[in-house]
Amino acid sequence: MLTKYDTEKLERAMYDFNRATGVSITLFDLEKNPVTFGGVGSCQYCASISGLKEHKQFCAKSNSELLDKCRKSRQLTKHICRAGLLDIAIPLIHAGEVVGYLMIGQIKQSPSFPEKLFVGGGEVYDLLRQQYELLPLFDEEKIDSIINIGTMLTKYIMLENMVHHQPSRISAVIESYVDEHLGEHISIDSLARKTHTSVSGIYKAIRQSFGCTPGEFICKRRIKKACALLADSELSISEISYAVGFTDAAHFSKKFKTACGVSPLKYRKSADN
């Protein structure tokens with residue numbers, strides 16, 4: 001998909017959020033690249049840590065792991081980063097797919113400086129400790145309010161088309177072809193022939209548009225169709241597994257549970273209720 005950003009609206013929305021809450025906010029694309037607006041950046045404490053050679057890689061890894069968890073769960077995800085601060089990732093959802101993330105963070109929950117992470121003393125240690133102590137302390141009630149506002153902001157961003165996704169020609173053809181042939185074996189070669197592009201072009205198009213490999217994309221579409229059949233048809237689980245392209249019902253159940261968190265049977269019962 002081609003991603004377009006309404007920079008004027010995003011700058012204003014993110015600036016207002018930062019000014020009202022006092023916490024950092026960053027928009028990330030599917031490739032986990034930060035899309036910055038309005039000059040909303042790191043606090044001085046985090047900037048100092050990122051400048052340390054031995055800690056810089058851990059900051060990037062921490063962000064990447066949080067966004068991966070958010071994408072997999074498709075829900076708000078939070079963790080304590082290596083610097084001892086709370087970070088929160090909220091997925092942006094378009095047409096049932098994660099298309100980006102809002103990361104809210106650098107939130108100080110504990111008054112205690114994480115000394116075990118910065119042993120050895122010295123001027124750097126003293127500086128980090130001073131910067132940490134200057135950070136505002138947030139209680140659970142205020143953090144809950146920040147999370148609620150952040151969640152509403154993601155919905156507002158998508159409702160106002162601040163992040164607009166438009167399928168490229170190749171991506172649209174791939175998506176249509178896969179959906180029409182879910183019950184069949186779908187090879188990368190068949191997608192290449194259908195779109196009149198190379199195999200490497202297929203990998204690139206799917207990665208750019210959907211943020212995954214061709215195999216992962218096909219599996220997602222199969223699981224999505226299976227969800228619809230489980231909710232709206234009387235087909236057995238075995239029949240559904242074959243209908244969406246799985247040759248083995250046990251393998252289908254395993255993939256379904258990994259993707260949805262519950263077995264096909266529990267999903268159907270939940271849909272019925």
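Computed over heavy atoms, backbone and side chain alike; hydrogens, waters and symmetry mates excluded.
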Q | Charged N-O contact under 4.0 Å between Arg71 and Asp68 | A | no
Q) With side chains defined as the heavy atoms from C-beta onward, is the minimum distance between Leu191 and Tyr177 less than 4.5 Å? A) yes
Q: Would you confirm whether Tyr45, through its side chain, and Ala83, through its main-chain N or O, come within 3.5 Å as a donor-acceptor pair?
A: yes
Q: Take Val124 and Leu52, measure what side-chain contact (heavy atoms from CB on, under 4.5 Å) needs, and give me the verdict at the end.
A: CA-CA 9 Å; Val124 173; Leu52 299 175; 3.9 Å; yes
Q | side-chain contact (heavy atoms from CB on, under 4.5 Å) evaluation trace for Arg222 with Phe246 | A | CA-CA 9 Å; Arg222 284 177 167 151; Phe246 288 91; 3.9 Å; yes
Q: Indicate if Val244 and Val178 have the same hydrophobic cluster label, given that clusters are the connected sets of ILVMFWY residues with side-chain heavy-atom separations under 4.5 angstrom.
A: no
Q: Check whether any side-chain heavy atom of Val163 lies under 4.5 Å from a side-chain heavy atom of Met158, and answer yes or no.
A: yes
Q | Closest contact, heavy atoms only, Phe256 versus Val262 | A | CD2-O, 3.3 Å
Q.
Taking the basic N atoms (NZ, or NE/NH1/NH2) and the acidic carboxylate oxygens, is any pair closer than 4.0 Å for Lys220 and Glu216?
A. no
Q: Tell me, with the steps shown, if Arg12 and Glu8 meet salt bridge (Lys or Arg N to Asp or Glu O under 4.0 Å).
A: CA-CA 6 Å; Arg12 185 66 201 181; Glu8 184 176 350; over 6 Å; no
Q | In one Ile/Leu/Val/Met/Phe/Trp/Tyr side-chain cluster, 4.5 Å: Tyr125, Ile49 | A | yes
Q.
Between Tyr203 and Arg207, does the side chain to side chain donor-acceptor pair (under 3.5 Å) criterion hold? Intermediate values first, please.
A. CA-CA 6 Å; Tyr203 275 90; Arg207 173 61 66 182; over 6 Å; no
Q) Can you tell me if Ser198 and Ser200 form a side-chain donor-acceptor pair at under 3.5 Å? A) yes
Q | Polar contact flag, side-chain donor to acceptor under 3.5 angstrom, Glu141-Ser145 | A | no
Q. Is there a path from Met152 to Leu76 through hydrophobic residues (I, L, V, M, F, W, Y) whose side chains come within less than 4.5 Å of each other?
A. yes
Q. Is the number of heavy atoms from other residues, nucleotides or ligands under 6.0 Å of Lys225 NZ greater than 12?
A. no
Q) So do Ile104 and Asp87 actually touch side chain to side chain, heavy atoms under 4.5 Å? A) no
Q.
Could you tell me if the side chain of Lys78 sits less than 4.5 Å from the side chain of Ile147, heavy atoms only?
A. yes
Q | N/O donor-acceptor pair under 3.5 Å between Thr154 side chain and Thr151 backbone | A | yes
Q | side chain to side chain donor-acceptor pair (under 3.5 Å) between Ser62 and His79, intermediate numbers included | A | CA-CA 9 Å; Ser62 177; His79 75 184; 3.2 Å; yes
Q) Can you find a pair of side-chain heavy atoms, one from Val99 and one from Ile93, that are under 4.5 Å apart? A) no
(Q) Rounded at 0.5 Å granularity, tell me how far OG in Ser270 sits from CZ in Arg268. (A) 12.5 Å
Q: Identify the two heavy atoms, one from Ala192 and one from Val199, that lie closest to each other, and give their separation to 0.1 Å.
A: CB-N, 4.2 Å
Q) What's the spacing between Leu27 CG and Asn33 CG if we round to 0.5 Å? A) 11.0 Å
Q) Can any side-chain N or O of Ser241 pair as donor or acceptor with the backbone N or O of Ser238 at less than 3.5 Å? A) yes
Q: Taking all non-hydrogen atoms of both residues into account, name the closest pair between Ile206 and Cys212 and its distance.
A: CG2-O, 3.4 Å
Q. Would Leu102 and Phe17 satisfy side-chain contact (heavy atoms from CB on, under 4.5 Å), going step by step from the backbone distance to the final call?
A. CA-CA 12 Å; Leu102 276 188; Phe17 178 92; over 6 Å; no
Q) Taking Ser190 for the side chain and Ile186 for the main chain, is one N or O donor matched with an acceptor at less than 3.5 Å? A) no
Q: Could you tell me which non-hydrogen atom of Ala205 sits nearest to which non-hydrogen atom of Ser171, and how far apart they are?
A: O-OG, 3.8 Å
Q) Any sub-3.5 Å donor-acceptor pair from Asn18's side-chain atoms to Met14's backbone N or O? A) no
Q.
Once rounded to the nearest 0.5 Å, what's the spacing between atom NZ of Lys204 and atom CD1 of Ile170?
A. 9.5 Å
Q.
Closer than 3.5 angstrom, by distance alone: can the side chain of Glu175 be matched with the main-chain N or O of Ala172 as a donor-acceptor pair?
A. no
**Q.** ring-ring contact (aromatic ring centres under 6.0 Å, His included) partners of residues 213-243, not counting sequence neighbours, each pair once
**A.** Phe210-Phe217
Q) Can you tell me how far the CD1 atom of Ile88 sits from the OG1 atom of Thr77, to the nearest 0.5 Å? A) 10.5 Å
Q: Dump the intermediate steps for side-chain contact (heavy atoms from CB on, under 4.5 Å) on Gln109 and Glu140, then the final yes or no.
A: CA-CA 8 Å; Gln109 284 186 295; Glu140 288 298 326; 3.1 Å; yes
Q: Might you point out which heavy atoms bring Tyr101 and Cys70 nearest each other, and give the distance in Å?
A: CD2-SG, 3.8 Å
Q) Can any side-chain N or O of Gln106 pair as donor or acceptor with the backbone N or O of Ser24 at less than 3.5 Å? A) no
Q. Is Tyr5 close to Asp29 at the side-chain level, that is, under 4.5 Å between some pair of heavy atoms?
A. yes
Q. Can any side-chain N or O of Thr258 pair as donor or acceptor with the backbone N or O of Lys254 at less than 3.5 Å?
A. yes
Q. Would you call Lys269 and Lys266 a side-chain contact if the rule is heavy atoms closer than 4.5 Å?
A. no
Q | Interatomic distance, Leu230 atom CG to Ile223 atom CD1 [nearest 0.5 angstrom] | A | 9.0 Å
Q | Close side-chain approach of Arg129 and Glu115, heavy atoms under 4.5 Å | A | yes
(Q) Distance check, rounded to the nearest 0.5 Å: Gln44 atom CD versus Gln131 atom CD? (A) 5.0 Å
Q. When hydrophobic residues are tied together by side-chain contacts of less than 4.5 Å, even through go-betweens, does Leu86 share a cluster with Leu153?
A. yes
Q) Can you find a side-chain donor-acceptor pair between Lys32 and Ser64 that sits under 3.5 Å? A) yes
Q. According to a 4.5 Å side-chain heavy-atom criterion applied to Ile, Leu, Val, Met, Phe, Trp and Tyr, with indirect links allowed, do Phe138 and Ile149 form part of one hydrophobic cluster?
A. yes
Q | Polar side-chain atom of Arg221 near backbone of Asp179 as donor-acceptor pair, under 3.5 Å | A | no
(Q) I'd like to know if the side chain of Lys108 and the backbone of Tyr132 have a donor-acceptor N/O pair within less than 3.5 Å. (A) yes
Q: Over all heavy atoms of both residues, which pair between Leu85 and Cys46 is shortest? Give the atoms and the distance, please.
A: CD1-SG, 3.6 Å
